[in-house]
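Atoms within each ligand, like the ligands themselves, are counted from 1 in listed order.
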Amino acid sequence: MKTTFFLLLLGVAGIAQAQHEKELKLWYRQPAGSRWENALPVGNGRLGAMVYGNVELENIQLNEHTLWSGSPNRNDYPEMSTALPEARRLIFEGKQAEAQKFLEQSVKFSKSSGQLFEPLGSLRLAFDGQENFTDYRRELDIRRGVATTTYVVDGVRYTREVLASLPDRVVVVRLTASRPGALSFRAFYTTPEKGALRTTNGAKELVIGGTTQDHETVKGMVKYEGIARVRAGGGTITTTDTSLVVSGAQEATIYISIATNFIDYHTLGGDPHVRAEGFLVRAWPKGFEEIRKAHESAFRKYFDRVELDLGSSANDSLPTDERLRNFRNVNDPSFAALYYQYGRYLLISSSQPGGQPANLQGIWNDRLFPPWDSKYTLNINAEMNYWPAEKTNLAEMHEPFLQMVRELSVTGQQTARVMYGARGWMAHHNTDIWRSTGPVDGVFWGIWSDGGAWTSQHLWEHYLYNGDKAYLASVFPVMKGAAMFYVDDLVEDPRNHWRVINPGTSPENAPRAHGGSSLDAGTTMDNQMVFDIFSTVIRAADVLHRHDAFIDTLVLLRDKLPPMHIGRHGQLQEWLEDVDDPNDHHRHISHLYGLFPSSQISPYRTPELYAAARNTLVQRGDVSTGWSMGWKVNWWARMLDGNHAYKLIQSQLSPLGVNPEGGGTYTNLFDAHPPFQIDGNFGCTSGITEMFMQSADGALSLLPALPDAWPTGSIRGLRARGGFGIADMEWKDGRLVKVVIVSGLGGNLRLRVPNGLVVRGGVLKTAAGVNPNPFYQTEKTPAAIVSPEAKLVGSDLKPTMLYDIPTKAGMTYTFLSN
Ligand code: FUC
């Protein structure tokens with residue numbers, strides 16, 4: 001009896017384990033074929049690889065994070081400073097179209113519009129006589145960071161495993177056959193890189209090397225080298241001039257190391273050969289198992305911090321492409337959980353401390369001329385990549401982005417000075433590995449000056465989560481420099497005497513009333529951005545006791561910024577004038593920056609603006625490009641409308657083509673603008689987190705936007721501002737039943753929850769007044785100016801309980817439903 005019970009238990013545990021494993025894998029019954037967006041990504045922040053799982057001719061497409069076109073360069077236009085007064089005059093007179101034409105003629109964008117993130121090429125593995133394979137499966141285990149392909153030919157099972165080792169800095173490919181002598185293949189490189197040299201050497205290494213391309217007047221000077229070495233078990237290795245041939249083996253391990261001469265954004269001069277060889281020599285003595293184990297434990301150290309369980313369904317056992325096809329029509333909660341965790345997987349894989357930040361495609365690109373150069377678009381995309389970092393417990397992955405902001409604060413000083421005659425630093429709407437800060441793509445898109453304000457918010461947010469004052473002191477000059485730019489750049493609007501950015505834009509959108517021009521003065525996003533950077537610096541100065549006359553200036557100027565406006569369609573105005581079109585479905589809804597990621601618009605503190613933001617969201621519609629839908633998940637979560645957020649997730653998690661004129665998701669679950677942009681993946685992961693937990697509006701709010709589709713579930717390991725860790729949170733039938741919170745920094749824990757909670761050994765105190773926790777301070781949003789024609793319907797907020805719990809650093813607090 002005992003034994004049976006034990007076995008039964010084991011069986012159940014086994015099933016639970018299998019379930020868990022299944023949920024955290026992308027898997028397919030067919031190879032990727034020729035489509036890159038079918039292949040599966042692995043990465044270690046320095047190296048990225050796309051694994052096709054093609055049987056006869058395997059393709060392992062390779063990237064290295066510093067392999068970019070060009071070389072250190074600048075793209076400022078000093079002509080701007082001369083043209084500014086006239087452009088400003090025209091805009092203030094309501095002649096936006098003339099202003100745009102005038103600037104187009106005065107400031108000709110002829111320099112780099114940003115350089116290209118380039119691919120190294122592909123390692124190809126050719127297998128003869130494998131046309132007829134059976135029992136095929138390929139998968140990506142996102143918990144371990146390993147891609148596996150397996151199939152049977154002539155009764156022999158072949159298996160390939162590919163990983164990009166986090167600790168060992170190499171891509172490793174492991175090939176095995178179930179019968180001795182059955183493994184034979186030829187390995188060689190292919191590449192779109194022009195002038196790349198491919199050779200083999202006496203050490204039986206496959207080498208590819210070259211220099212990246214010139215682009216838009218900038219000379220290509222990044223030298224790169226990729227080296228592959230094979231160890232074969234039970235066979236022979238021979239070489240031709242450009243390939244390695246493995247014959248009659250049973251197993252083989254390929255070590256791939258890639259490096260460049262890139263040192264930092266203004267220095268080249270490293271030796272790519274010495275570097276690549278260095279990584280290889282260190283990894284080579286280690287066998288595959290040793291490398292795999294070390295990689296998996298390094299990967300899981302990050303990945304396992306968050307667990308999400310939304311329940312299971314019959315769909316769990318289906319291949320990923322079928323689940324994607326079905327998702328919008330069926331209830332497949334664990335697919336949403338898989339997609340959620342995939343966002344975390346992609347961040348760990350594409351953004352590691354010391355490396356480059358995740359670019360528009362993370363670290364995965366096979367094209368010499370990728371969409372938008374695969375660089376950093378600062379008017380939404382690059383920031384969106386990092387929205388999940390802190391709250392999904394991947395703060396280390398935020399580091400490359402924070403480092404980029406520090407670097408932009410150096411390069412952006414010259415741009416501020418020569419283009420705007422301003423102190424401090426600024427960045428326009430794009431940057432690249434050279435940290436360019438000049439305008440690109442033409443006046444319509446390029447004249448946007450919020451790059452410094454927006455990216456600097458990330459520096460502050462990092463502090464709000466970790467409370468590290470030494471860190472804050474180290475980034476304070478960067479944030480201050482970002483604010484200083486606006487102090488000098490703001491001009492007085494002659495009509496209302498507000499201080500505004502002119503010329504500014506609301507990214508990439510233009511009201512019909514402005515005759516096709518995107519330029520304007522005092523756009524809502526610009527005002528919100530300046531409000532935030534001023535507030536952040538004022539607050540940081542307070543924390544660091546750095547109050548001085550400059551801070552007084554910020555306080556004075558902040559009061560002169562235009563308040564938000566609510567227009568005649570009940571909308572949050574995008575521009576100072578009431579010119580919004582309620583039928584405009586533009587993908588950018590930049591003025592809702594104030595709702596998310598900022599918290600200037602709140603259901604509890606600014607009900608009118610909140611109602612207007614809702615109208616704007618409804619007017620703009622749901623289906624859009626991938627990243628736009630990702631942003632909308634966050635907005636609807638902030639709207640406390642879980643069902644609408646879920647609807648967006650359904651649209652985003654639809655195969656490409658389902659949403660007419662909209663984005664969706666590729667077979668490998670990469671987000672589709674289209675084309676592939678990784679921002680949508682990260683945006684959606686952030687949005688799903690915001691459905692479970694928010695911590696920006698004066699309280700730690702749990703289950704603020706739970707959709708009906710996920711009535712029961714649990715999430716472990718999220719992080720909130722003020723150093724709170726949500727070690728565990730469980731809900732059942734829409735009710736919060738258990739919460740375990742670890743207080744990292746102590747202080748008041750103000751909890752907003754959908755139902756009453758009790759704590760062992762005490763009664764919870766209902767919250768009153770302002771939250772005394774310094775990490776939960778909110779700024780007072782100036783009252784909106786409301787059009788007399790606006791019909792605002794107040795929002796019916798679901799009742800919540802608000803508690804105050806004093807906490808001590810390092811202590812754990814458990815709450816149960818009452
Ligand atoms: C902005 C967006 C586009 C695209 C590009 C990378 O220009 O408007 O949709 O995401 O960035």
Using the six-membered ring wherever Trp is involved, compare the ring planes of Phe335 and Phe327 and label them parallel, tilted or perpendicular (cut-offs 30° and 60°).
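Ring orientation, 0 to 90° scale: tilted.
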Measure the acute angle between the ring planes of Tyr593 and Trp454, then classify it against the limits of 30° and 60° as parallel, tilted or perpendicular.
perpendicular
Has ligand 1 got any nitrogen or oxygen that is less than 3.5 angstrom from a nitrogen or oxygen of Asn381?
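Yes: some nitrogen or oxygen of Asn381 is under 3.5 Å from one in ligand 1.
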Say whether Thr625, considering both its backbone and side-chain N or O atoms, lies within less than 3.5 Å of an N or O atom on ligand 1.
no
What protein heavy atom sits nearest [atom], and how far away is it?
| atom | result |
| --- | --- |
| atom 10 (O) of ligand 1 | Trp627 NE1, 2.9 Å |
| atom 3 (C) of ligand 1 | His673 NE2, 3.5 Å |
| atom 2 (C) of ligand 1 | His588 NE2, 3.3 Å |
| atom 1 (C) of ligand 1 | Glu508 OE2, 3.1 Å |
| atom 4 (C) of ligand 1 | Gln677 OE1, 3.3 Å |

For ligand 1, which atoms sit closer than 4.0 Å to a heavy atom of Arg587?
2 (C), 3 (C), 8 (O), 9 (O)
Number the atoms of ligand 1 from 1 as they appear, then name those within less than 4.0 Å of a heavy atom of Leu360, with their elements.
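Once the distances to Leu360 are compared, the set is 6 (C).
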Sub-3.5 Å donor-acceptor pair from the side chain of Ser506 to the main-chain atoms of Asn509, do we have one?
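No; zero donor-acceptor contacts below 3.5 Å.
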Within 45° cone of Phe117 ring axis and under 6.0 Å: Lys375 NZ or CZ
no
Within 6.0 angstrom of Lys101 NZ, more than 12 heavy atoms from elsewhere:
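Open: at most 12 neighbouring heavy atoms sit under 6.0 Å from NZ of Lys101.
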Residues Lys111, Glu216: salt bridge by 4.0 Å N-O rule
no
For Lys632, is there an ion pair with Asp622 - N to carboxylate O distance below 4.0 angstrom?
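Not counted as a salt bridge, because no side-chain N and carboxylate O are separated by less than 4.0 Å.
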